[in-house]
Amino acid sequence: MVNLTIDGQAISVKENTTIMEAAAQYGIHIPKLCYLKGINEIAACRVCVVELEGKNRLITSCNNMAEEGMVIYTNSPKVRRHRKANVQMILSQHDCECVTCYRSGNCSLQKIANDLNILEIPYKAEIERQPWNKNFPLIRDSSKCIKCMRCIQVCDKVQSLSIWDLEGTGSRTTVNVAGHKTIEEADCSLCGQCITHCPVGALGARDDTEKVWNAIEDEEKIVVAQVAPAVRAAWGESLGLAKEEATVGKILDALKKMGVDYVFDTTFSADLTIMEEASEFIERFTSGELKERPMFTSCCPGWIRFAKSQFPHLVKYLSSAKSPQQMFGAVMKTYFAEKLDVSPEKIYTVSVMPCVAKKGESEMELFYQEYAGRDIDTVITTRELTQMIRAAHINPATLQDIESDRPMQDGSGAGVIFGATGGVMEAALRTAYYLLKGENPDADAFKVVRSPGFQENHGVMEAEFKIDNIRVRTAVVSGLGNTRALLEKIERGEVQYDFVEVMACPGGCVGGGGQPIHDGEELAFERGKNLYDLDQKSEIRFSHENQDIARMYEEYFEKPMSHKAHMLLHTEHKV
Ligand code: HC0
Ligand code: SF4
């Protein structure tokens, strides 16, 4: 152990503990801007400086270790003066128009400047304004960038894509897309991890809320919305709702109050995806097609973009089943339009997703149905949903828990866990077992693929199951850096699987790039646990027991993998 004094308090910590962590263990908060544990420990912002007695200089607390006998002051007059000057320097190169910034109220720079009582900025520097394509789902505003390097490091170390880099030197140093490419030319997966790890408003997702308001206003349009599984685990965080209060039913009520005509839960179409994907897996598995390579899940569009740019030769092993988002859009514009007896053109489909890549997915030509436009007209993120709730002056405390509309109302617990890493695999195995044996397994029989432990195992959970004489080897991975490592092992022949689930964001959709931002906190695991609890409490825990899905097959698709199902619910992924 190492013994030292921080702010007059005797402290004892393990060796190799940073001063910042040592202080935190004793409830002493040291402000920081650029620091991200294990990812960005470069002391670029110098906001975390502390005074070390006996030395005539300040040191950064995020990357200096606590040493025996140190006497540290985290808030001495000298520290305060330097910290304030550092933040003023950062602000001198920052566009400080907070009222028009989407991160206002949730910005680490704004908070630190307020805490330090910075009421003026004595220095003035030129503010960088690089051009950007505002139609791209990922938006960068260089005038807000504080060069903390978090985006560079997250994209490089966690997602292995290295989209961002530093350019220029000295005071002209700035962050931009690496290799002088435009963002469209780069291999960005649209995972949005750089957005959720940005401490300010330099990175964000394209705002599509106006499109939804316009559709609601348009009397010719019937606005039909769906809400993804992972949204329920996070939307309440920025509206002050406790976990138990923030139900999906209240999101549906909020959407209705905003003027949306019909509201649905994506867990319905997650069940539909399982019916198609589990059937496809059994078909490909029993025909021997998967001898060479496993079948990969295809519902995560960040993963699809990654596969296409980094492992194009594996694209043919992706499941042909569309994602629940796209399947629901197709069903809304066909089956549901017929139920309403309206033409598909009248239906305007909106999805609420925890994800930025879903915006890209909805725009892919692949999902364009000639008779009905795109499956999905607009995607908004969880952050945009909460913005719309605020814009509509809806008091979250007054929302009621309402059910989704008919006839696409049921959703199983298997559909709910789609939002957490391992969930799609577990849901698929529950139904694959039933399809092979004609009886249900224990609903928790496949729980070893769940997320606990995913961090320790480099984001990978492996499991082998025996269903009668059939041995199914599975792997679940989340995070694109982890995915790259796993795919390379598969390529080298070190591991063999039959079925692999990939989610681009660490922890799955619950940790998605469109979720509420809590600077420096990783909430994916907690949110995932919430979804597993909801599954436990669900009346239906198997996708094949969803009665509304069964009815839709009877009335419309006939059976999984039918001709009609192929036309509307499947797609061919091409590089
Ligand atoms: Fe997901 Fe999905 S589970 S990708 O993470 O499959 O975004 O929540 O909506 O489509 O259902 C995201 C979440 C979805 C889809 C579902 C899948
Ligand atoms: Fe990198 Fe993901 Fe950000 Fe794209 S969205 S730049 S892949 S972290």
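In listed order, ligands and their atoms are each counted from 1. This chain uses plain numbering: 1 for the first residue, then up along the sequence. For clarity, every value in this text was computed on a predicted model and none was experimentally measured.
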* Short list, please: which atoms of ligand 2 are under 4.0 Å from a heavy atom of Ile163? -> 1 (Fe), 6 (S)
* Asked: Applying a strict 4.0 Å limit to heavy atoms, is Leu161 in contact with ligand 2?
  -> yes
* **Distance-only donor-acceptor check, side chains Arg383 and Gln515, under 3.5 Å** => no
* For the pair Tyr262 and Phe336, name the ring-plane relationship: parallel under 30°, tilted 30 to 60°, perpendicular over 60°. => perpendicular
* Provide, to 0.1 Å, the distance between atom 3 (Fe) of ligand 2 and the closest protein heavy atom, together with that atom's residue and name. => Cys194 SG, 2.2 Å
* **Heavy-atom nearest neighbour in the protein, as seen from atom 1 (Fe) of ligand 2, with distance rounded to 0.1 Å** => Cys155 SG, 2.3 Å
* Asked: Taking the side chain from Ser298 and the backbone from Ala321, do they hold a donor-acceptor pair closer than 3.5 Å?
  -> yes
* Quick one: do Glu237 and Arg527 make a salt bridge, cutoff under 4.0 Å? -> yes
* Aromatic ring centroids of Tyr434 and Phe542 under 6.0 Å? -> no
* **Side-chain H-bond candidate by donor/acceptor type, Gln153 with Arg150, under 3.5 Å** => no
* Asked: Taking only heavy atoms of Ser189, which atoms of ligand 2 are found under 4.0 Å from at least one of them?
  -> 2 (Fe), 4 (Fe), 7 (S)
* Run the numbers for me: atoms of ligand 1, each under 4.0 Å from some heavy atom of Met353, listed by number. => 7 (O), 9 (O)
* Heavy-atom gap Cys300 to ligand 1 smaller than 4.0 Å -> no
* **Heavy-atom nearest neighbour in the protein, as seen from atom 16 (C) of ligand 1, with distance rounded to 0.1 Å** => Pro324 CG, 3.4 Å
* Output the list of atoms in ligand 1 that are nearer than 4.0 Å to some heavy atom of Cys355, sorted by atom number. => 7 (O)
* Hey, which atoms in ligand 1 end up nearer than 4.0 Å to a heavy atom of Ala230? -> 8 (O), 13 (C)
* Asked: Which residue holds the protein heavy atom closest to atom 2 (Fe) of ligand 2, what is that atom called, and what is the gap in Å?
  -> Cys191 SG, 2.3 Å
* **Closest approach of any protein heavy atom to atom 9 (O) of ligand 1, naming residue and atom** => Ala228 CB, 3.0 Å
* Among all protein non-hydrogen atoms, which one is nearest to atom 3 (S) of ligand 1, and what is the separation to 0.1 Å? -> Phe418 O, 3.3 Å
* For ligand 1, which atoms sit closer than 4.0 Å to a heavy atom of Thr266? -> 11 (O)
* Enumerated ligand 1 atoms positioned under 4.0 Å from heavy atoms of Pro229 -> 8 (O), 9 (O), 11 (O), 13 (C), 14 (C), 16 (C)
* Structure fact -> the protein heavy atom lying closest to atom 6 (S) of ligand 2 turns out to be Trp164 NE1, 3.2 Å
* Taking 2.8 Å as the cut-off, does an N/O/S atom of Cys509 lie below it from atom 1 (Fe) of ligand 1? -> yes
* Distance-only donor-acceptor check, side chains Glu501 and Thr297, under 3.5 Å -> no
* Residue, atom name and distance, where the atom is the protein heavy atom closest to atom 5 (S) of ligand 2 -> Gly192 N, 3.1 Å
* Against heavy atoms of Cys299, which atoms of ligand 1 measure under 4.0 Å? -> 4 (S), 6 (O), 17 (C)
* Measure the shortest side-chain to side-chain distance between Thr334 and Leu568 over non-hydrogen atoms and say whether it is less than 4.5 angstrom. => yes
* **Which of the ligand 1 atoms, numbered from 1, are nearer than 4.0 Å to a heavy atom of Ala270** => 11 (O)
* Hey, is there an N, O or S on Cys188 sitting under 2.8 Å from atom 2 (Fe) of ligand 2? -> no
* Can you tell me if Glu462 uses its side chain to pair, donor with acceptor, with the backbone of Thr474 under 3.5 Å? -> no
* Enter the distance from Thr267:OG1 to Ile417:CD1 here, rounded to the nearest 0.5 Å. => 11.5 Å
* Asked: Can any side-chain N or O of Lys322 pair as donor or acceptor with the backbone N or O of Thr571 at less than 3.5 Å?
  -> no
* Considering only heavy atoms from C-beta outward, does the side chain of Cys45 approach that of Ile146 to under 4.5 Å? -> no
* With atoms numbered from 1 as shown, which atoms in ligand 1 lie under 4.0 angstrom from a non-hydrogen atom of Lys358? -> 4 (S), 7 (O), 10 (O), 12 (C), 15 (C)
* Salt-bridge present (Arg430, Asp535; N to O < 4.0 Å) -> yes
